[in-house]
J.: 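If you scroll down you'll find the structure; I have some questions about it.
Read the numbers this way: they start at 1 and go in the same order the structure lists the ligands and their atoms.
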Amino acid sequence: MTTSFERLGLNSNADLVNTSTNMTVQTKESTISSLHGKTSQIQENLCKDYYSTELNHISEKLQFNIILMGSPRVGKNQLINAICNGENKAEISASLNSCTKDVTCYFLEDNQQQMPGVKPFRVNFYDTPGIESWTDQGGTTAMRKFIEEKDSVCVIYCAAPGTFADLAQIRPILKFCQEKKYFELSSARICGRMPFEKKSFQFNIAVCGSTCVGKSTLVNALCGKEVAKTSSSLCSTTNEIKKYVLNRTCQSVNEASSSTEYTITVWDTPGIESWTIDNVQKHFTQIMVESTPLCMIYCASPGSFARLDQLKWLVETCIKSNIFCALVCTNKYSGGSKQRAEVLKDFHSLLTSYHAMTREEANIKYYGNVALCTSVNSIIYEDMDYGVRKDVEGINELIFAIITSLKDDKLVAWCYTIAENESFWLTMRDKVVELFNISRPILEELLQKHGKDMAKFIIPLVMNAVFKKL
Ligand SMILES: Nc1nc2c(ncn2[C@@H]2O[C@H](COP(=O)(O)OP(=O)(O)OP(=O)(O)O)[C@@H](O)[C@H]2O)c(=O)[nH]1
Ligand SMILES: [Mg+2]
């Protein structure tokens, strides 16, 4: 295995100075015992906490990358062989010339600690050429890139007494590793860093718009259950800011007893059309800025009244704070198609002043990863007088569009928000699978086992896919 490291040729013997007193050199014994301890612990925890089928899927791809750095002939290859239980994996040379001219990969499959049904882990050792002979910037930059690319669990720096090492080159790399926590042999890194480092996450979603446009109905349609109270009377149901708290627990894979709590608060707000802009700012600054929602959903229905100055302030505030905006024409059949088109036109012209429209798909206009607008029918629409009946429309598409627009932990929180929406997971399953590149055989197996309760296993698969990309 080779990479594009730039080598300038070896330094002459005259350059050799003893700098080893300033460096930390890990002994073979401590490295070996640390590695064995950690791998078996990780394996045990995975077995306890994960579905076995999913575990198989993960462990198929489960690889630890360890990068060895240091000057030539300081015993990096010897160390690899020692860690690999004395197997002669890495080439050793007695000659003065370094053996390692390019990055070489040696691997160790942990076949000693196999458990029934668990595939062995693979540890890749990347033996890198001595960095003291690289051009200053080229060497450290290439090494940092390589460490990041390999997402290594550990970087071992080797130096032998009496050899030369340029600390000016090493320090930035060690600092980089420290910042990225590469020195930690952390099992959390197997499935990604983010979700398992923190123990609880708080997320918010703000839903706003004028009175009786279908805000609460949309919240229920998105969540797939009745969380918000709705009313068909002329009187407004939501006369104060209401919050619906959804608590989800995600089983952690790195500590048997621990789990990560996701708390998602949906803020269902009263109609704001009669509020002064000062009031809008006062109430929403608290929701928008202090709790930075992962998404702001603004609702307006055809023929309803909405204040564009309020909407403009909301959108602007969100965009500044990196809050995704979904402008939704709710209860789309309640007014004529002309009114519906007008609402969408207003949304479009407002959003284009912040970001150009990037695509239109399934009746959804996207404005980069900043905003979208669409129209939905959250519940069946029936007009007996005219014999009109319309099914629910656009909800699954809206959920999926938000999935494609969010990233990382916000995306996971959104998935948890709509976790109980069976209709979404069933209808949009193939799209979700395709988007996150989820293995179909694994999915089929889980489907057969767990049937309808799909969110329970599809969300961990999504999480796995999301955090692997970090
Ligand atoms: N058919 C149909 N009816 C809807 C839709 N959205 C809302 N409605 C109806 O419109 C009425 C008002 O809906 P709500 O969800 O309570 O509206 P809201 O915006 O939350 O109202 P307030 O909280 O009072 O401001 C209810 O009778 C809903 O059933 C929709 O998409 N389709
Ligand atoms: Mg309401």
J.: Strictly by side-chain hydrogen bond (donor to acceptor under 3.5 Å, both in side chains), give each pair with a member in residues 339-351 just once, sequence neighbours left out.
T.: His348-Tyr367
J.: Does Glu273 come within less than 4.0 Å of Arg307, counting only side-chain N to carboxylate O?
T.: no
J.: Which class fits the ring pair Phe347 and Tyr298: parallel under 30°, tilted 30 to 60°, perpendicular over 60°?
T.: perpendicular
J.: As an exercise, identify every atom of ligand 1 less than 4.0 angstrom from a heavy atom of Tyr381.
T.: 1 (N)
J.: Can you figure out which of Cys299, Ser378, Gly394 has its heavy atom closest to atom 31 (O) of ligand 1?
T.: Ser378
J.: For atom 10 (O) of ligand 1, state which one of Thr211, Asn331, Thr269 supplies the nearest heavy atom.
T.: Asn331
J.: Should Val213 be listed as contacting ligand 1, given a heavy-atom distance under 4.0 Å as the test?
T.: yes
J.: Lys215 versus ligand 1: do any nitrogen or oxygen atoms come within less than 3.5 Å of each other?
T.: yes
J.: Please give me the minimum heavy-atom distance between Val392 and Ser378, naming the atom from each residue.
T.: CG2-O, 3.6 Å
J.: I need the contact type for Leu218 against ligand 1. Using non-hydrogen atoms and a strict under-4.0 Å cut-off, is it side chain, backbone, both or neither?
T.: neither
J.: Would you mind listing which atoms of ligand 1 come within a distance below 4.0 Å of any non-hydrogen atom of Asn377?
T.: 1 (N), 2 (C), 30 (C), 31 (O), 32 (N)
J.: If you measure from each heavy atom of Ile380 to ligand 1, is any distance below 4.0 Å?
T.: yes
J.: Given Cys212, Pro270, Cys208, identify the one with the heavy atom nearest to atom 21 (O) of ligand 1.
T.: Cys212
J.: For the pair Arg440 and Glu444, find out whether any cationic side-chain nitrogen is under 4.0 Å from an anionic carboxylate oxygen.
T.: no
J.: Check this for me: does any side-chain nitrogen of one of Arg389 and Asp391 sit under 4.0 Å from a carboxylate oxygen of the other?
T.: yes
J.: Any N/O/S atom, backbone or side chain, of Ser216 lying under 2.8 Å from the Mg ion (ligand 2)?
T.: yes
J.: Not counting sequence neighbours, list each pair that qualifies as a side-chain hydrogen bond (donor to acceptor under 3.5 Å, both in side chains) and has a residue in residues 218-228.
T.: Lys225-Glu420
J.: Could you say whether the N/O atoms of Lys229 and ligand 1 ever approach to under 3.5 Å?
T.: no
J.: Please confirm whether Phe203 and Tyr416 have ring centers closer than 6.0 angstrom.
T.: no
